[in-house]
Undergrad: 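One structure, as structure tokens, below. Some questions next.
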Amino acid sequence: MPGHHASAFAFVPFLLVAASLPAQGVLALQRSFHLGAYSGSIDAPSGALELASGVGSADLLANGSFSGHLDLMTLAASGATFTPNDPFGGLYSVAPDGTVWMDLDPAHPGNNVGVLWIDAAGSVMHSARFGTDENAFAMVAIAKSTGMSNASVSGTYYYTGQGLEFVGGTWHTWAHWGLATFDGAGNATIVGSEQSATPTGSTTVAATDTITYTIAADGSAMINNDLGAVSSDGNLLFAVTQQAANSGVGITIAVRVGGSYDLQQLGGRFSLTGLRFTLGTGTALPRTTSEFDSVQLTGFGPGSGAWTNTGIVIDGTSLGQTQTTPPAGGSATLTGNGVLTLADAAGTIELGVAANGRYAVGRRVGPATNVMFALRQCPPAFAYGSPTAGTGGVPPSLGMRGFPTLGNGNWRLRVDGGIGGGVGVVGIGFAPAPGVPALGGLIWIDPTNAFLPLLLLGGASGQAGAGSGEVGVVVPNVPSLEFVRLDAQALVLDPAAPAGFSMSGGFEARLCR
């Protein structure tokens with residue numbers, strides 16, 4: 001709201017939603033991230049705008065806590081305000097569906113929880129507004145690295161950016177997209193388009209430019225006087241606009257172009273977030289629109305396919321916030337140069353796909369300026385069936401640590417809630433069973449071709465629910481194994497169980513890349 005100080009946690013990477021953190025995290029991250037974000041809010045009922053952009057860092061620790069800061073530029077009709085080192089912190093948990101839940105107020109659980117998407121390697125996160133608060137935002141986080149330099153950024157990149165500025169007493173939104181060619185030595189050339197929108201209309205013109213850049217050893221970047229960051233593989237970068245003199249804030253995201261593309265190879269699950277601003281006059285304008293989606297992409301051939309979509313869309317106007325569902329999907333086409341077009345009932349989304357197929361950046365085509373970002377996800381893992389309790393009436397539970405990505409030599413299945421100091425096995429098969437009665441409980445995995453690694457539980461000996469332990473699974477780096485289903489169930493020797501075995505329910509995961 002105008003006149004309200006926009007703290008780091010007022011708009012990014014967190015938001016207000018009535019929820020609690022998942023009890024256990026899939027990933028225990030012990031790494032630091034570069035953060036880039038920008039935000040816009042529309043005051044209800046005045047309709048006054050306030051914009052902000054932030055650049056900073058966050059440290060995520062293996063114990064489930066995090067802390068960080070953002071350098072914030074806040075922009076209102078009255079002018080720009082810069083707040084350095086605005087801090088935030090709290091607790092986090094990574095869920096099996098690839099979402100990261102962050103609680104900024106652990107003393108009051110559920111009062112200030114944010115949701116982000118994370119890739120299976122734990123190296124990139126992104127988000128958009130997830131709940132019906134007034135602050136719409138777009139955010140990208142890239143893990144810090146070592147040994148980076150200007151040479152780490154070379155080749156041609158798809159870029160898309162969006163921002164806002166207050167010029168001559170009028171709000172303008174801008175967007176730009178196209179190709180940027182980096183020479184690996186600190187210079188780049190731009191060929192693309194620039195869109196400018198005011199309350200009275202939108203114009204798009206061709207744009208060319210030359211820029212300079214500097215990449216530090218940890219991946220932090222200065223790109224044409226905007227601060228940002230680059231991923232360790234050089235395939236993803238962002239830059240945040242903070243220009244008090246020009247009254248401008250915004251973000252630009254870019255991905256490196258590959259040599260060839262195939263929609264059948266690209267197919268899989270992606271997270272998709274976006275932020276859109278629509279200017280104009282009337283009771284429903286200006287408007288902010290945020291999307292937070294899970295997309296399933298299927299290729300029928302190298303260049304054609306389909307996509308399905310589930311998620312939420314949050315619109316904000318002077319009348320308040322409303323939540324709807326996005327279109328369910330439609331057709332997909334992929335050109336040889338890596339431009340992915342997703343058609344749905346609302347129009348088309350154009351995304352430039354990174355060379356590694358993990359990232360994509362683009363926009364929804366139309367008069368409203370916007371930016372969208374996609375990140376490859378593993379299929380969600382989940383528990384199913386019913387457990388069999390042991391000592392103290394406590395049943396064991398089964399989950400995973402890490403994601404079952406191809407080539408992961410340290411994926412683990414974790415058992416909690418067993419008898420302290422117990423011994424058992426984790427059955428791992430390739431199909432479920434319909435709860436077959438056996439050993440005093442129900443068997444939820446098909447024993448055909450199943451293997452049974454030994455499970456040793458820690459905790460106080462004999463204590464109910466105190467036992468926990470893990471078994472390791474080496475996932476081969478074999479492309480043909482992508483999407484192979486694994487079903488697992490834990491069985492623990494327990495004298496208080498009906499036939500001497502307490503059991504978890506079933507657990508399903510699919511191999512991914």
Undergrad: Does the Thr273 side chain pair with the main chain of Ala128, one donor and one acceptor, at a distance under 3.5 Å?
TA: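 No, Thr273 side chain to Ala128 backbone: no donor-acceptor pair under 3.5 Å.
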Undergrad: Salt-bridge test for Arg358 and Asp119: reply yes if a basic N is under 4.0 Å from a carboxylate O, no otherwise.
TA: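 Salt bridge between Arg358 and Asp119, a charged N being under 4.0 Å from a carboxylate O: yes.
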Undergrad: Begin from the C-alpha positions of Ile215 and Asn150 and carry the test side-chain contact (heavy atoms from CB on, under 4.5 Å) through to its verdict.
TA: CA-CA 5 Å; Ile215 310 299; Asn150 286 353; 3.8 Å; yes
Undergrad: Check for a donor-acceptor pair, side chain of Trp307 on one end and backbone N or O of Ala343 on the other, with a separation under 3.5 Å.
TA: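 Looks like yes, one N/O pair under 3.5 Å.
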Undergrad: On a heavy-atom basis, which atom in Gly267 and which in Glu482 lie closest, and how many Å separate them?
TA: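 Shortest heavy-atom contact: O-OE2, 4.3 Å.
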Undergrad: Find the distance between OG (Ser152) and CG (Leu237) and round it off to the nearest 0.5 Å.
TA: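 It comes to 11.5 Å.
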Undergrad: Evaluate the side-chain proximity of Val365 to Ile349: yes if any heavy-atom separation is below 4.5 Å, no if none is.
TA: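 Answer no - side chains too far apart.
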Undergrad: Looking only at non-hydrogen atoms, find the nearest pair between Ala221 and Val230 and report the distance.
TA: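 Scanning both residues, the minimum pair turns out to be CB-CG2, 4.2 Å.
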Undergrad: Can Trp101 and Thr99 be counted as having a side-chain donor-acceptor contact under 3.5 angstrom?
TA: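 The answer is yes; a qualifying pair exists.
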Undergrad: Strictly by ring pair (Phe, Tyr, Trp, His ring centres under 6.0 Å), give each pair with a member in residues 179-223 just once, sequence neighbours left out.
TA: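 Matches after skipping sequence neighbours: Tyr157-Phe182, Phe182-Tyr213.
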Undergrad: So how far is it from Leu342 CG to Leu334 CG, rounded to the nearest 0.5 Å?
TA: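 That separation rounds to 10.0 Å.
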Undergrad: Determine whether a donor-acceptor pair (N or O, by modelled atom type, separation under 3.5 Å) exists between the side chain of Thr369 and the backbone of Gln162.
TA: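 No, because the side chain of Thr369 does not come within donor-acceptor range (under 3.5 Å) of the backbone of Gln162.
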Undergrad: Does any part of the side chain of Leu481, heavy atoms only, come nearer than 4.5 Å to the side chain of Leu406, both counted from C-beta?
TA: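 In short, these two side chains touch, coming nearer than 4.5 Å.
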Undergrad: Establish, yes or no, whether a centroid distance under 6.0 Å links the rings of His69 and Phe88.
TA: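 Ring centres of Phe88 and His69 not closer than 6.0 Å.
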Undergrad: Determine whether a donor-acceptor pair (N or O, by modelled atom type, separation under 3.5 Å) exists between the side chain of Asp344 and the backbone of Ala346.
TA: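 Such a contact is found between Asp344 side chain and Ala346 backbone.
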Undergrad: Between Gln195 (side chain) and Ser202 (backbone), is there a donor-acceptor pair under 3.5 Å?
TA: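 Checking the backbone N and O of Ser202 against the side chain of Gln195, no donor-acceptor pair under 3.5 Å is found.
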Undergrad: I'd like to know if the side chain of Thr83 pairs up with that of Asp86 as donor and acceptor (distance under 3.5 Å, no hydrogens or angles considered).
TA: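 There is no such pair (donor and acceptor under 3.5 Å, judged by atom type) between the side chains of Thr83 and Asp86.
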Undergrad: Mind checking the CZ-CZ spacing from Arg276 to Arg287? Nearest 0.5 Å is all I need.
TA: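 With rounding to 0.5 Å, CZ (Arg276) is 7.5 Å from CZ (Arg287).
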Undergrad: Under 3.5 Å, is there a donor on one side chain and an acceptor on the other for Ser32 and Asp59?
TA: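 On atom types as modelled, these side chains qualify, holding a pair under 3.5 Å.
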Undergrad: Take Leu179 and Thr156 through the side-chain contact (heavy atoms from CB on, under 4.5 Å) test and state the conclusion after the steps.
TA: CA-CA 6 Å; Leu179 297 174; Thr156 300; 4.0 Å; yes
Undergrad: Among side-chain atoms of His34 and Ser220, is any donor-acceptor pair under 3.5 angstrom?
TA: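 The answer is no; no qualifying pair exists.
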Undergrad: Could you walk me through whether Leu275 and Thr289 satisfy the side-chain contact (heavy atoms from CB on, under 4.5 Å) test, starting with their C-alpha distance in whole Å, then the side-chain angles of each, then the deciding distance to 0.1 Å, before giving a yes or no?
TA: CA-CA 6 Å; Leu275 177 59; Thr289 302; over 6 Å; no
Undergrad: Would you tell me whether Thr210 and Thr189 have side-chain atoms, one donor and one acceptor, within less than 3.5 Å of each other?
TA: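 Thr210 vs Thr189: no donor-acceptor pair found between side chains.
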Undergrad: May I ask you to test the Val100-Ser93 pair for a side-chain heavy-atom distance under 4.5 Å?
TA: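 Val100 does not reach Ser93 side chain to side chain.
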Undergrad: For the residue pair Phe300 and Thr298, establish whether any side-chain heavy-atom pair is separated by less than 4.5 Å.
TA: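 In short, these two side chains touch, coming nearer than 4.5 Å.
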Undergrad: Would you check if there is a donor-acceptor pair between the side chains of Glu50 and Ser41 at a distance under 3.5 Å?
TA: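 The criterion, which ignores hydrogens and geometry beyond distance, is not satisfied for Glu50 and Ser41.
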Undergrad: Just by distance, with hydrogens left out, do Asp233 and Asn356 show a side-chain donor and acceptor under 3.5 Å apart?
TA: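 Asn356 and Asp233 do have a side-chain donor-acceptor pair below 3.5 Å.
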Undergrad: What verdict does the side-chain contact (heavy atoms from CB on, under 4.5 Å) test give for Ser154 and Asp183, after you've listed the backbone C-alpha separation in whole Å, the side-chain angles of each residue and the deciding distance to 0.1 Å?
TA: CA-CA 5 Å; Ser154 62; Asp183 65 0; over 6 Å; no
Undergrad: Under a 3.5 Å cutoff, is there a donor and acceptor pairing between the side chains of Asn370 and Arg364?
TA: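 Result is no, nothing qualifies.
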Undergrad: Would Arg363 pass as a cation-pi partner of Trp177, given that its NZ or CZ must be under 6.0 Å from the six-membered ring centre and within 45 degrees of the axis?
TA: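 Yes, cation above the ring, under 6.0 Å and within 45°.
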Undergrad: Heavy-atom distance under 4.5 Å between the side chains of Leu164 and Leu75, does that happen here?
TA: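 SC-SC contact between Leu164 and Leu75 ruled out.
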Undergrad: Only counting residues at least two apart or in another chain, list the ones meeting side-chain hydrogen bond (donor to acceptor under 3.5 Å, both in side chains) with Glu194.
TA: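 If we apply the side-chain hydrogen bond (donor to acceptor under 3.5 Å, both in side chains) test to Glu194, skipping adjacent residues, there are no hits.
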Undergrad: For Trp117 and Phe292, I'd like to know if the aromatic rings sit close, meaning centre-to-centre distance below 6.0 Å.
TA: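 Between Trp117 and Phe292, the centre distance is under 6.0 Å.
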Undergrad: Of the non-hydrogen atoms in Val353 and Val255, which two are nearest, and what is the gap between them?
TA: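 Nearest pair, atom of Val353 first, then Val255: C-CG2, 4.0 Å.
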Undergrad: Nearest 0.5 Å, what's the CG-CZ distance between Asn235 and Arg256?
TA: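 Rounded to the nearest 0.5 Å, the CG-CZ separation comes out at 4.5 Å.
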Undergrad: Main chain of Leu375, side chain of Ser271: is a donor-acceptor contact present, judged purely on distance under 3.5 Å?
TA: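 Flag set: sc Ser271 to bb Leu375 pair under 3.5 Å.
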Undergrad: Kindly give the heavy-atom pair with the smallest separation between Leu29 and Tyr92, and that separation in Å.
TA: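 Looks like N-OH, 2.8 Å.
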Undergrad: If you measure only the distance, is there a donor-acceptor pair under 3.5 Å linking the side chains of Thr341 and Glu350?
TA: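 No donor-acceptor contact under 3.5 Å links the two side chains.
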Undergrad: With rounding to the nearest 0.5 Å, note down the distance linking CG in Asp226 to OG1 in Thr241.
TA: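 Between Asp226 CG and Thr241 OG1, I get 4.0 Å after rounding to 0.5 Å.
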Undergrad: Donor-acceptor pair, Asn408 side chain versus Val475 backbone, under 3.5 Å?
TA: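 No.
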Undergrad: Counting C-beta onward and ignoring hydrogens, is there a side-chain heavy-atom pair between Glu291 and Met372 closer than 4.5 Å?
TA: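 Yes, their side chains come closer than 4.5 Å.
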Undergrad: Roughly how far, to the nearest 0.5 Å, is the CZ atom of Phe137 from the OG atom of Ser53?
TA: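 It comes to 14.5 Å.
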Undergrad: Have Tyr38 and Gln242 got a donor and an acceptor in their side chains that come within less than 3.5 Å?
TA: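 The criterion, which ignores hydrogens and geometry beyond distance, is not satisfied for Gln242 and Tyr38.
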Undergrad: Indicate the atoms forming the closest heavy-atom contact of Pro286 with Leu279, along with that distance.
TA: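 Between these two residues, the closest heavy atoms are CB-CD2, 4.1 Å.
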Undergrad: Is a side-chain N or O of Gln264 found less than 3.5 angstrom from the main chain of Ser304, in a donor-acceptor match?
TA: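 No, because the side chain of Gln264 does not come within donor-acceptor range (under 3.5 Å) of the backbone of Ser304.
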Undergrad: Measure the shortest side-chain to side-chain distance between Cys378 and Arg510 over non-hydrogen atoms and say whether it is less than 4.5 angstrom.
TA: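 Contact flag for Cys378/Arg510 side chains = no.
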Undergrad: Would you name the heavy atoms of Ala254 and Tyr159 that are closest together and state the gap between them?
TA: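 Between these two residues, the closest heavy atoms are CB-CB, 3.8 Å.
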Undergrad: Do Ser145 and Ser232 pair up side chain to side chain, a donor and an acceptor below 3.5 Å, judged on atom types alone?
TA: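 Note: Ser145 and Ser232 side chains miss the donor-acceptor criterion.
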Undergrad: Does Thr146 offer a backbone N or O that forms a donor-acceptor pair with the side chain of Asp218 under 3.5 Å?
TA: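 Judged by distance alone, no pair lies under 3.5 Å.
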Undergrad: How about Trp174 and His176: are their ring centroids closer than 6.0 Å?
TA: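 Ring centroids of Trp174 and His176 are less than 6.0 Å from each other.
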Undergrad: When you compare the side chain of Phe33 with that of Lys144, does any pair of heavy atoms fall below 4.5 Å?
TA: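 A side-chain contact is absent here, since even the closest heavy-atom pair is not under 4.5 Å.
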